[in-house]
Amino acid sequence: MPRAFNDYEIVIVKYNTRSDHMTFLGEVMGYSNKKYNVRTLATTDGYYRVHQDLIIQCHVYELQRASQADIDDMMHRQQSVLGGIMKDFKYYTDTNSSHRNNAMKKGLAYTSFALQRLLDHDYKRRYVHTKSTERNRYVY
């Protein structure tokens with residue numbers, strides 16, 4: 001049976017479970033058990049949820065081929081998320097909340113990396129940390 005998406009194809013994913021929802025730009029990494037393994041390239045979530053590349057199992061109906069307009073939109077969203085992190089980072093650095101500062105540092109590093117990956121159109125570039133996750137949970 002032919003697959004709808006090939007390996008290394010860039011897709012927009014609207015991932016949904018009972019408890020989670022995430023929209024992200026991703027790269028198809030493989031196919032198994034009727035699900036596509038997709039590596040996140042950039043997400044619409046900020047530092048508090050995603051601070052590393054994730055490999056998530058997705059259903060075919062959650063994927064759509066990414067157009068250049070989709071990639072540009074994700075680039076603008078990454079810039080917006082980065083700006084929000086910078087504002088929060090300044091505020092929480094002043095209040096000296098070490099746990100939140102660590103999360104923001106990780107999120108700042110990852111979001112900056114994801115944005116640069118999109119700006120360079122280098123979708124093969126991998127973040128130093130990648131985590132494969134189960135279908136029902138993707139947070140930590």
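Numbering starts at 1 and runs along the sequence shown.
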Enquirer: Which pair of heavy atoms, one from A66 and one from I71, lies closest together, and at what distance?
Expert: CB-CG1, 4.4 Å
Enquirer: Name the residue from T43, I12, V13 that meets the side chain to side chain contact (heavy atoms under 4.5 Å, CB included) definition with L25.
Expert: I12
Enquirer: Report the relative orientation of the aromatic rings in Y61 and H59; use parallel for angles under 30°, tilted for 30 to 60°, perpendicular for over 60°.
Expert: parallel
Enquirer: Does a side-chain heavy-atom distance below 4.5 Å link L108 with K105?
Expert: no
Enquirer: Rounded at 0.5 Å granularity, tell me how far OG1 in T130 sits from CE in M29.
Expert: 8.5 Å
Enquirer: Is there side-chain contact between E62 and V38, with heavy atoms separated by less than 4.5 Å?
Expert: no
Enquirer: Quick one: does T23's side chain have a donor or acceptor within less than 3.5 Å of a partner on T44's backbone?
Expert: no
Enquirer: Rounded to the nearest 0.5 Å, how far does CG of N6 lie from OH of Y36?
Expert: 8.0 Å
Enquirer: Which heavy-atom pair separates M74 from A42 by the least distance, and what is that distance?
Expert: CG-CB, 3.7 Å
Enquirer: Is it the case that more than 12 heavy atoms not belonging to K34 sit under 6.0 Å from its NZ atom?
Expert: no
Enquirer: Taking atom NE2 of H129 as the centre, report whether more than 12 heavy atoms of other residues, nucleotides or ligands fall under 6.0 Å from it.
Expert: no
Enquirer: What is the distance from atom CG of L41 to atom CG of L115, rounded to the nearest 0.5 Å?
Expert: 12.5 Å
Enquirer: Considering non-hydrogen atoms only, spot the tightest contact between S112 and L82 and give its length.
Expert: OG-CD1, 3.5 Å
Enquirer: Taking ring-ring contact (aromatic ring centres under 6.0 Å, His included) as the test, write out the residues that go with Y110, two or more places apart.
Expert: Y127
Enquirer: Say you draw a straight line from CD of Q79 to CG of L118; how long is it, rounded to the nearest 0.5 Å?
Expert: 9.5 Å
Enquirer: Nearest 0.5 Å please: distance from the CG atom of L119 over to the CD atom of Q78.
Expert: 9.5 Å
Enquirer: In Å and rounded to the nearest 0.5 Å, what is the NZ to CD distance from K124 to E27?
Expert: 4.0 Å
Enquirer: Tell me whether Y31 is reachable from I55 by hopping between hydrophobic residues (I, L, V, M, F, W, Y) whose side-chain heavy atoms are closer than 4.5 Å.
Expert: no
Enquirer: Just wondering, more than 12 heavy atoms not from N33 lying within 6.0 Å of its CG?
Expert: no
Enquirer: Would the distance check show the side chain of Y123 and the main-chain N or O of I10 forming a donor-acceptor pair, the cut-off being under 3.5 Å?
Expert: no
Enquirer: Quick check: do F24 and C58 have side-chain heavy atoms less than 4.5 Å from each other?
Expert: yes
Enquirer: Counting N and O atoms only, with roles assigned by atom type, does the side chain of S80 sit under 3.5 Å from a partner on the main chain of H76, one being a donor and the other an acceptor?
Expert: no
Enquirer: Taking the side chain from T40 and the backbone from L54, do they hold a donor-acceptor pair closer than 3.5 Å?
Expert: yes
Enquirer: Under the 3.5 angstrom rule, does the side chain of R117 hit a backbone N or O of R125 as a donor-acceptor pair?
Expert: yes
Enquirer: Determine the minimum heavy-atom distance between N37 and S32, stating which atoms define it.
Expert: ND2-OG, 3.7 Å
Enquirer: Linking I/L/V/M/F/W/Y whenever their side-chain heavy atoms sit closer than 4.5 Å, directly or via other members, would V11 and Y8 fall into one cluster?
Expert: no
Enquirer: Taking the side chain as C-beta and beyond, is there a heavy-atom pair between L63 and E9 under 4.5 Å?
Expert: no
